[in-house]
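Quick notes on the structure that follows.
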Amino acid sequence: MATALMQGSDAVAEACVAAGCRFFAGYPMLPFTDLLESMSRRLPEVGGTCINVESEIEGVNMVLGAAAAGARAATGSCGQGIALMQEAIAEAALNEVPFVVFNMARGQQDYFQCTRGGGWGDYRTITLAPKDVGEAVEHTQLLFHLADQYRAPVILYGDYLVAHTYMSVDVSPRQYGPLPPKDWALDGSRGGTGKSRQIWTWAMGKANDPGPGPDAHWRRLAEKFDSIAGQEMRHESYLADDAEYLVVSFGTAGPFVDYVVDELRAEGMRIGSFRPISLWPFPERALAAAASAARKVLVYEVNAGQMIDDVRLSIAGRCPVQFIGGVSIDGSGMRQGDLLEVGSIRQRVLAAVRQEDER
Amino acid sequence: MLLTGIGGQGVQLCAKALALAAVDEGRQAMLSAHYGGEMRGGQTEASVVVADRDLRALTILPSAWSAFVMHHEYWPPVKARLRPGGVVVTNSTLVSAPDLAYDSGQVIEVPAGAIATELGAPMSAGFVLLGAYGTATGLVATESLIEAMRRLVPPYRTQHVAANEAALRAGAAAVDAECAPAWAQPAGRPG
């Protein structure tokens, strides 16, 4: 299929439609609003439903309901609104209802929110962080698949640059292989038989049809999330093999770091980059391998230092890990500030390298 | 290309028309927009990257070959990112070449505001400058810009299409074709 010039939000909406998403509910909040608007235009055209809800809590719970009935469904906001959705996301993870949450974030300060979550219980959320609009389109389709494959809520961690940049992209449907049947969906077919299906975090069933109960249910879920962690790690590394310095970044910061790596390579420095594509599961083995020749691992993220925890866990003390990111918000509050620029990244990398040389 | 102006001058619409026209001509394009919530009178900036092969560019450009200047208010950060030998197409009704103090490249003055006013459509000054930019650089054909503009103007604004078309043509007529050719630039690194 030919590519078309699309705004990131429109492209992600097209990818949702291509993936079969037919229910979307959300509350406007920049930079997520464009995706909600786009879904409100597109879903009615394909027989779907988009609801501009009264609050994020209402939106995520509607999506939980639609997904429990078997629909491909999604919601979204920016981190501030997704904060309100944490209870429902945790419940969905524990009662195994699949849907996609789009975090069109105002920056990179939601890493903990995405990867650790704010609900209760032993749950995780697969989180993919695209570097640009093209990857966001691909991740969107993949996330609907992964959600159904594992019966779990999953997150796309985008931002202003993903939501608002126009790029020529291909939004044709992608195939990711067969999925298990949704034989758990609440379709009403067993109403009145005494055997109606249940979706329940405690999995206790009914007197005449007992479930496994919370102990067995939650142990099985813990095993499920462990197994996801083993299978769904994704990453990209660049010129890492002989790199003395490895810069780790995520999402839209990645291409900026790669640009600096190219510049410094051209000046003779052995430097490379590593970008987790899945923030959870964090690609720890791949990072450890990419850093095998490193004297120092540098962590660039536009926040006070969140992903650095996962980097340290992956490197496990084999070499120093230094934070070179920081908090930086544009005056509008809607996007990253001046720190996300080639010049300041280069400056911080060089300062960290000098420090190492002086040691 | 970096486009700068103040909210209300149509900078964002011009950027979209340029990117769409380029894609329609078989190029690849990326457009990043930056504008505040206050809109009218506030900072509005956009960057457009056009490539004749796989496009690889940053969403916040570290440097650029050319600039499209509708207003001087937010010009300094744009100037700081222009590469030596760059091209600036400026709305000289508001910002003349001496105001820009840009001496490391080529400045093309187009009295876009005055031309648009003569056409009876002062709101279309951005399209005058865009028509001039397209013709001076040869980046895209005027006809492609007109077609892209038609598709971008929302249904409740179609009364402006004719004036916008006239503006694009007037801008194109105000400069020498390819006096600052875009495609003759040596293939540099992306961004």
Side-chain angles (χ1 to χ4, degrees), chain A residues 2-11 29-31 33-34 106 130-136 158-170 238 251-260 262-263 265-266 302 328 330-346, chain B residues 3 7 12-39 42-64 74 77 80-81 83 140 144 147-148 151-152 154-155 188-191:
Chain A
T3 59
L5 181 73
M6 298 179 94
Q7 195 195 30
S9 300
D10 293 336
M29 195 166 186
L30 278 169
T33 306
D34 299 80
R106 293 178 175 181
K131 66 176 177 182
D132 60 17
V133 176
E135 225 176 62
D159 62 8
Y160 182 100
L161 296 175
V162 165
H164 282 185
T165 303
Y166 286 73
M167 275 185 80
S168 344
V169 287
D170 174 3
Y238 183 56
T252 52
F256 291 82
V257 167
D258 289 350
Y259 189 97
V260 172
D262 279 342
E263 280 187 351
R265 275 270 169 184
V302 190
S328 180
D330 176 78
S332 68
M334 302 297 165
R335 56 182 277 179
Q336 296 93 333
D338 289 346
L339 187 58
L340 186 65
E341 277 192 340
V342 165
S344 49
I345 299 172
R346 179 188 163 94
Chain B
L3 301 91
Q12 297 300 332
L13 184 58
C14 285
K16 281 184 203 172
L18 179 67
L20 188 59
V23 170
D24 287 347
E25 290 187 2
R27 314 285 190 188
Q28 297 216 7
M30 186 188 81
L31 159 64
S32 303
H34 184 183
Y35 47 92
E38 70 284 346
M39 306 299 263
Q43 179 176 13
T44 178
E45 187 182 310
S47 59
V48 177
V49 181
V50 176
D52 54 1
R53 60 190 83 122
D54 278 352
L55 186 149
R56 182 171 159 247
L58 299 180
T59 42
I60 301 165
L61 298 180
S63 71
Y74 301 97
R81 282 184 286 164
R83 289 194 288 267
V140 285
S144 304
E147 176 53 30
R151 277 158 53 198
L152 287 168
R189 59 173 306 144

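Each chain gets a letter, A, B and so on, in the order the sequences are listed, and its residues count up from 1.
- A donor-acceptor contact shorter than 3.5 Å is absent between the side chain of B/S32 and the backbone of A/T165.
- B/L31 contributes atom CG, which lies 13.5 Å from atom CE of A/M6 (distance to the nearest 0.5 angstrom).
- Between atom CG of residue B/L58 and atom CG of residue A/L340 there is a gap of 8.5 Å, rounded to the nearest 0.5 Å.
- The pair B/R56-A/D258 does not meet the salt-bridge criterion, since no charged nitrogen lies less than 4.0 angstrom from a carboxylate oxygen.
- At most 12 non-hydrogen atoms from other residues, nucleotides or ligands lie less than 6.0 angstrom from CG of A/D338.
- The shortest heavy-atom contact between B/V23 and A/L5 is CG2-CB, 3.8 Å.
- Heavy atoms of A/L30 lying under 4.5 Å from chain B are absent altogether.
- The part of A/D330 that comes within reach of chain B is its side chain, from C-beta onward, which places non-hydrogen atoms under 4.5 angstrom from that chain.
- B/T59 has its side chain out of reach of A/R335: every pair of non-hydrogen atoms, C-beta onward, lies at least 4.5 Å apart.
- With sequence neighbours excluded, the residues satisfying ring pair (Phe, Tyr, Trp, His ring centres under 6.0 Å) with A/Y160 are A/H164.
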